[in-house]
Each structure stands twice: as C-alpha cells, then as structure tokens.
Amino acid sequence: MPIVISDTLTGTKRELVSIEPGKIRFYACGPTVYDSAHVGHGRSYVVWDLVVRHLRARGYEVRYVRNFTDVDDKIIRRANERGEDPVKLAARYAEEFDEDMDALGNLRPDVAPKVSEHVPQIVAMISTLVEKGFAYAPGNGDVYYAVRAFPDYGRLAKRNLDDLRSGARVEPGEAKRDPLDFALWKAAKPGEPAWDSPWGRGRPGWHIECSAMTLAHLGAPIDLHGGGKDLVFPHHTNEIAQSAAAVGDGRTAESFCRHWMHHGFVEIDSEKMSKSLGNFFTLRDVIAKFDPEAIRLFFLGTHYRNPINYSDAILSEAERRLNYFYETLEKVDALSEGISPAGEGGAVVEAARRALDDDFNAPQVLAALAEAFTAANALADRRGKKSPEDRARLAAFARDVREVGTTLGLVQRRPAEALRAVRAKAAARRGIEPAAVEAKLVARAEARKARDFARGDAIRDALLAEGVAIMDGPQGTTWKVE
RNA sequence: GGCACCGUCGCCAAGUGGUAAGGCAAAGGUCUGCAAAACCUUUAUUCCCCGGUUCGAAUCCGGGCGGUGCCUCCA
C-alpha cells in the first residue's frame with residue numbers, strides 16, 4: 001500500500017516515492033529563534049512529528065533534519081534592544097524551543113543544524129552560484145540571486161514572474177537587476193554579527209541557510225521538504241531556485257526536492273495566529289494551563305492542511321477527551337493485568353494505518369479510536385464476571401490503542417499518572433485546592449456511611465458548583481474537574 | 001489588483017464521482033440511595049446559493065455570495 005500525500009509542487013495528491021527504496025530524507029523548516037514559540041509553532045512540529053513517526057512505523061528509515069535559524073534581522077534587532085549577543089539570545093530560545101517540543105511529545109530531529117555553524121557551507125554555495133552564473137555581486141558587498149536564470153522559478157507557488165513582479169519592491173541601497181532577485185549574502189552593517197567572505201564581511205540572506213543545511217546534512221536531491229503554508233513564497237520558492245542551481249540540473253525543482261508538504265495555520269477568531277498581528281499565545285503559557293498531551297490531541301483533531309481555530313473551550317474539550325482515554329485505559333488495564341492479548345493487531349491498527357497512509361489523516365484515526373474505546377468500555381462495564389476471553393479482548397484493545405498511540409504520540413503515559421497530571425492542571429486553572437476537595441470527600445463519605453444522604457448530596461452539589469465532579473465507584477469516590 | 005485556499009448537523013470535524021465518519025452538546029433509556037462516569041437509542045434525504053456535466057456530485061465545470069492566506073517577516 002503506497003503512502004499518498006498532498007504535494008504542493010504538483011498541486012495534487014500523489015504517492016510519496018522515495019529516491020532510495022525504504023529511505024526518506026526529510027527536511028522541515030525550523031523556527032527563527034528570536035522569541036518564545038507560540039501555539040502555531042506547536043502545531044507545525046506536531047505535524048512533522050506525525051509524518052516522521054508514521055513513515056518510521058511503515059518501515060522507512062527516515063532522516064529528519066530541522067534547522068534553527070539563529071542569524072536573522074529580527075534576532076539582531078531583539079538582541080540590540082536588550083544589549084545581548086544575538087547568537088546567545090538565539091541559543092537561549094532554541095533551548096526553550098526544544099523544551100516546548102519535548103513537552104508536546106515531539107521526537108527530536110536527527111540533526112538540528114544552526115545557521116551560525118554553517119556559514120562556510122553557505123559561502124561555498126553562494127560562490128558556486130556566482131560561478132555558474134545564477135548569482136551576481138554588484139560590488140556593494142551584497143550578492144543576489146538572478147531569478148531569471150532559473151526557468152522553473154515560481155512553480156511551487158503557482159506564480160509566474162510577471163504576477164510576482166507587480167508586487168515586488170526594492171529596498172533603498174540594494175542593487176538588484178530585477179526586483180525579484182533576492183539577497184544570498186548581505187554586507188555587514190555596524191553592530192551586526194558578520195563573517196568574512198569573498199565579497200567582504202557580511203552575513204547570509206534569509207533563504208540560503210536552509211538550502212546549505214539541507215545539502216550539508218541530507219545531500220541532494222531530498223525526498224520531502226515541509227513547512228507552513230506561509231513559506232511557499234518566497235522562502236521555499238527561493239530555496240528551490242538556489243539549490244537546483246547549485247547542485248541540481250539548474251532547471252527543475254525536482255532536482256533539489258521531490259515532494260513538498262505545507263500545513264495550515266493556527267487561527268484565533270479565524271485569523272492567522274502570528275507574531276506580527278500580536279494575536280498569539282506562547283506554548284509556555286498554554287502548557288501552564290492545559291496538559292500538553294491535550295494540546296497535541298487538539299492539533300491532531302484537524303487535518304494538517306486545514307486551518308485550526310484555537311480557543312480555551314476547544315482545548316478543554318480535548319482535555320476531557322484525553323481524560324476519557326486514560327480513564328478507559330486505567331479500567332481496562334486493571335481488568336486485563338497479566339493477561340496475554342487475543343490475536344494479532346486488530347482492526348483499529350489497520351484502520352489507523354490506512355488513514356495515515358492517505359495524507360496523514362489523523363482525524364480519521366481518532367474516529368477509529370473512538371469506536372474502539374466505546375467497545376472497550378461497553379465490555380469493561382458489562383455486569384457480571386469477565387470470562388478469560390473477555391479479558392484477552394480487553395488486553396488486545398489496550399495493546400492496539402497504545403500501538404496506534406505510538407504513531408500519534410498519544411496515550412503513552414501510565415494512566416494514573418496522566419490522570420493526576422491532567423486533573424492538577426485543570427484544578428489550578430479553576431483555583432481548586434485538591435486537599436480541600438479531599439477533605440470534603442471524607443466528610444461526605446462519613447455522612448453517607450451514616451445514611452445521611454441529604455448532607456452527602458449537599459456536599460456533592462457544593463463541589464459541583466465549584467467545578468468538581470465526583471464519581472462513586474466500587475473502589476471509593478474519585479473526582480475530577482469539570 | 002495578482003495568485004491560491006476554504007464554506008458539511010447547534011458547535012468542532014472527516015469525507016475529492018457511487019449515494020453523508022467521528023467528537024462535543026441535546027433528548028430518552030440502562031446502571032445508581034440520588035448522581036456522575038460508562039454504555040444503548042435518537043438527532044444532516046442533505047453538504048453557502050444558482051446553473052451545467054454525468055446513470056449518479058458534498059465531491060467535476062461555470063457564475064454568484066461569504067471567509068481566509070500569500071504577494072513584506074512569519075510555522
């Protein structure tokens with residue numbers, strides 16, 4: 001069964017065909033680290049994590065490279081504002097980024113290269129482009145890429161040079177032959193980090209770093225390149241032009257990379273979440289409020305290509321759903337402890353694989369899981385003693401769900417611990433004191449033991465008014481935050 | 001202005017030619033001292049509107065209306 005993706009390069013859904021059988025060389029555009037990551041970054045890298053996990057589950061040897069852009073105008077500006085060294089500031093945010101990604105359950109990439117550590121490769125690549133006639137140095141210390149030299153220019157973005165030219169503009173001081181030409185190398189300005197080059201001291205332009213780091217760590221051509229939809233133009237368009245000119249045939253986008261995937265944005269009130277609009281939440285802030293696995297579940301509930309609206313309400317819904325998953329698993333684990341599962345991988349595993357093979361359709365996997373969970377609960381809660389066959393089926397459910405969860409990066413924690421963590425966050429959010437709740441539950445238990453149901457119910461209703469729901473079970477009373 | 005994308009139940013959301021997944025919410029039921037949770041049942045002859053193609057369209061084509069993104073930094 002082939003894996004099918006929506007390929008931006010062709011604008012169609014088509015089979016992902018790797019250059020070397022069984023191997024995928026994958027590059028995801030990483031963040032520019034001048035500030036804390038926001039929810040939009042979280043979505044982006046959960047998407048790429050899903051892609052990598054599924055490809056690996058399907059037997060591919062995936063080499064996953066994701067860069068840090070740590071040399072950039074915004075980093076320099078931010079560092080100057082704070083009187084800090086730009087490279088150090090970037091390093092700090094890169095570390096923070098890694099922590100956030102870990103919290104979301106994303107696997108680390110195999111390589112996470114930084115621009116500041118690849119300047120020699122970048123200079124070498126620019127030199128090649130100049131030698132081959134794809135780039136020119138007008139003598140002001142800048143080097144520009146000559147867009148007209150690359151016949152496939154703009155194909156990824158489905159735009160031709162005339163369309164683009166109407167909107168292009170040239171900054172004062174630039175010496176471009178064509179307004180669409182873009183800087184590969186920028187002459188150093190005072191107070192900026194700079195490196196020596198054949199064109200004088202300066203620093204890399206925006207797009208060249210990804211090209212150079214892709215070639216340094218994956219070679220060319222690569223199989224798959226990913227990023228947000230906002231990177232299609234100009235970033236990826238220019239990457240293709242540079243790379244195909246430097247190491248490919250100089251004519252076609254495919255000589256650099258075969259397949260391109262782009263995901264949709266996280267939105268607030270149906271508007272793109274972005275730094276410039278100021279309508280963003282940092283991952284740190286959201287993780288402080290909601291369990292990161294609930295955030296991940298929220299991301300996976302919408303197909304990666306579509307926009308996804310962020311709100312506290314929808315995150316609460318994801319949190320309740322996560323609770324349901326872990327409560328079910330806790331119950332099923334208790335009933336099937338030490339039992340060997342019935343049969344081989346079940347229908348859920350197969351359904352999940354099919355859904356992910358079809359352009360990484362995670363929402364469809366969640367739908368398949370929903371049916372499995374319902375069936376497991378029905379069996380677990382059925383009255384009467386469980387037969388050995390029932391227990392084996394429950395064990396099989398737990399095994400299958402966890403296997404699917406491995407690919408999604410969900411339900412890998414121990415249920416009791418996850419439930420406690422989720423509850424703690426929800427309680428903190430609502431200003432609920434767990435110790436106070438426990439004390440009230442003791443009082444209620446005493447009242448009920450004395451068959452004073454009126455008093456017991458009064459305590460329960462008071463807790464519910466605070467947002468605490470209580471469940472009486474055979475093992476005693478448990479509670480959670482509504 | 002140019003180039004794209006999107007519009008599916010009260011809400012969220014799959015589905016890209018074969019007769020509308022799933023979740024939340026809602027209603028009824030089972031269970032329960034009463035609840036909660038869980039489970040069962042019910043809830044879109046219909047997919048923004050109007051035409052067209054087709055044996056057949058939410059899915060393809062044309063036109064409208066509405067929303068968004070990119071064209072400048074952006075995941």
Side-chain angles (χ1 to χ4, degrees), chain A residues 6 8 11-13 28-32 34 37-48 66 69 72-74 77 154 157-160 162-169 171 180 206 226-235 237 262-267 270-277 280 297-298 301-303 305-309 311 313-314 316-318 320-321 323-324 327-328 331 351 355 358 361-371 373-383 448 451 453-454 456-457 460-461 463-464 468-473 477-480 482:
Chain A
S6 287
T8 314
T12 58
K13 245 168 119 163
C29 274
T32 302
Y34 70 103
H38 65 224
V39 178
H41 297 105
R43 199 242 181 135
S44 182
Y45 300 108
V46 166
V47 166
W48 304 128
R66 188 194 63 211
T69 297
D72 160 273
D73 289 346
K74 279 189 298 230
R77 198 186 321 134
K158 299 191 188 78
R159 273 180 277 196
N160 61 44
D162 291 333
D163 293 340
L164 290 163
R165 217 161 261 140
S166 62
R169 50 174 209 220
E171 297 291 325
L180 286 175
W206 175 31
K229 282 189 160 139
D230 47 2
L231 296 182
V232 174
F233 185 88
H235 186 58
T237 295
H262 293 91
H263 66 256
F265 303 125
V266 174
E267 303 183 337
S270 299
E271 273 196 333
K272 179 183 173 184
M273 175 185 286
S274 71
K275 290 270 155 97
S276 46
L277 285 172
F280 64 90
L297 180 58
F298 154 70
T302 299
H303 187 94
R305 261 181 298 125
N306 294 336
I308 181 168
N309 239 300
S311 69
I314 200 145
S316 296
E317 192 181 316
R320 282 197 299 277
R321 195 68 185 153
N323 246 306
Y324 169 79
E327 278 170 0
T328 305
K331 185 162 61 183
D358 185 10
N361 195 329
Q364 230 158 48
V365 179
L366 261 20
L369 280 177
E371 290 176 33
F373 271 90
T374 298
N377 268 305
L379 180 54
D381 286 356
R382 209 177 58 200
R383 300 176 69 84
R448 291 178 77 220
R451 307 208 54 86
F453 291 119
D457 290 354
R460 182 182 67 202
D461 293 344
L463 282 169
L464 195 58
V468 176
I470 66 183
M471 285 85 62
D472 295 324
T477 300
T478 57
W479 63 279
K480 66 179 169 188
E482 278 287 273

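To find a chain, count down the sequence lines: A is the first, B the second, and so on, and within it residues start at 1.
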OP1 or OP2 of B:rA36 less than 4.0 angstrom from a side-chain nitrogen or oxygen of A:Tyr324, does that happen here? no

Interatomic distance where CE belongs to A:Met471 and P belongs to B:rC34 [whole Å]: 19 Å

Do A:Ser274 and A:Phe265 have side-chain heavy atoms sitting under 4.5 Å apart? no

Which nucleotide, in any strand shown, forms a Watson-Crick or G-U wobble pair with B:rC34, with both distances under 3.5 Å? none

Identify, between A:Glu271 and A:Arg451, the residue whose nearest nucleotide on RNA chain B lies closer to the 5' end. A:Arg451

If a protein heavy atom is under 4.0 Å from the base, mark B; if only from the sugar-phosphate, S; if neither, -; do that for nucleotides 13-23 of chain B going 5' to 3'. SSS-----BSB

Rounded C1' spacing from B:rG15 to B:rA20 in Å: 8 Å

Taking atom CD1 of A:Ile470 and atom OG1 of A:Thr477, what is their separation to the nearest 0.5 Å? 6.0 Å

Look through every strand shown and name the nucleotide pairing with B:rA26 as Watson-Crick or G-U wobble, where both distances are under 3.5 Å. B:rU42

How would you label the contact of A:Val232 with the nucleic acid (heavy atoms, under 4.0 Å): base, sugar-phosphate, or nothing? nothing

Of the nucleotides B:rA38, B:rC31, B:rA75, which has the atom closest to the A:Arg383 side chain? B:rC31

C1'-based separation of B:rG7 from B:rA14 [nearest Å]: 15 Å

Nearest-Å distance, CG (A:Leu277) to P (B:rC70)? 8 Å

At 4.0 Å (heavy atoms only), tell me whether A:Asn377 reaches a base, stays on the sugar-phosphate, or touches nothing. sugar-phosphate

Which part of the nucleic acid, if any, lies within reach of A:His38 when heavy atoms closer than 4.0 Å are counted: base, sugar-phosphate only, or nothing? base

Base partner of B:rC70, which must satisfy Watson-Crick or wobble distances under 3.5 Å: B:rG2

Where the side chain of A:Phe453 is defined as all heavy atoms beyond and including C-beta, which of B:rC39, B:rG33, B:rA75 is the nearest nucleotide? B:rG33

Here the distance between atom P of B:rA37 and atom NZ of A:Lys331, to the nearest Å, is 12 Å

Within the structure, does a side-chain N or O atom of A:Lys158 lie under 4.0 Å from either OP1 or OP2 of B:rC5? no

Within this structure, what is the OG1-CG distance for the pair A:Thr374 and A:Leu379, rounded to the nearest 0.5 Å? 12.5 Å

Evaluation steps, side-chain contact (heavy atoms from CB on, under 4.5 Å), between A:Val232 and A:Lys158: CA-CA 10 Å; A:Val232 174; A:Lys158 299 191 188 78; over 6 Å; no

Please report the distance separating the P of B:rA36 from the corresponding atom of B:rC47, rounded so that it comes out in whole Å. 37 Å

Just by distance, do the side chain of A:Asn309 and the backbone of A:Ser270 share a donor-acceptor pair under 3.5 Å? yes

Specify the separation, in whole Å, of atom CZ of A:Arg159 and atom C1' of B:rG1. 13 Å

Once you apply the 3.5 Å cut-off to both distances, tell me the Watson-Crick or G-U wobble partner of B:rC60, or none. B:rG52

Please give, in whole Å, the distance from B:rC70 P to A:Glu267 CD? 10 Å

In the structure I gave you, are the side-chain heavy atoms of A:His38 and A:Val266 within less than 4.5 Å of one another anywhere? no

Quick check: any donor-acceptor pair below 3.5 Å linking the side-chain of A:Arg460 to the base of B:rC34? yes

What distance, rounded to whole Å, do you find between the two C1' atoms, one in B:rA13 and one in B:rU72? 34 Å

When the P atoms of B:rC24 and B:rA37 are considered, how many whole Å apart are they? 11 Å

Pairwise C1' distance, B:rA38 and B:rU32 [rounded to whole Å]: 12 Å

Under 3.5 Å, side chain of A:Arg43 to main-chain N/O of A:Gly264, donor-acceptor pair present? yes

Is there a side-chain contact between A:Tyr34 and A:Arg77 (heavy atoms, below 4.5 Å)? no

Selection from B:rC34, B:rA37, B:rA75 that lies nearest to any side-chain heavy atom of A:Arg448: B:rC34

As an exercise, state the distance from CE of A:Met471 to CD of A:Glu327, rounded to the nearest 0.5 Å. 5.5 Å

Length of the line joining A:Ile470:CD1 and B:rC34:P, which is rounded to integer Å: 15 Å

Give A:Gly30 one of three labels, base, sugar-phosphate or nothing, depending on what nucleic acid heavy atoms sit under 4.0 Å from its own. sugar-phosphate

Taking atom P of B:rA37 as reference, at what distance in whole Å does atom CZ of A:Phe373 sit? 18 Å

In whole angstroms, the gap separating C1' of B:rC31 from CG of A:Asp381 amounts to 9 Å

Pick the P atom in B:rC9 and in B:rA21, then give their distance to the nearest Å. 14 Å

Rounding to the closest angstrom, what is the interatomic distance between B:rG10 and B:rG17 at atom P? 27 Å

Looking for any heavy atom pair under 4.0 Å, which part of the strands does A:Leu231 touch: base, sugar-phosphate only, or nothing? sugar-phosphate

Counting side-chain heavy atoms from CB outward, which of B:rC39, B:rA75, B:rC34 is closest to A:Phe265? B:rA75

Indicate, with a heavy-atom threshold strictly under 4.0 Å, whether A:Ser276 touches base, sugar-phosphate, or nothing. base

Any side-chain heavy atom of A:Leu297 sitting closer than 4.5 Å to one from A:Leu366? yes

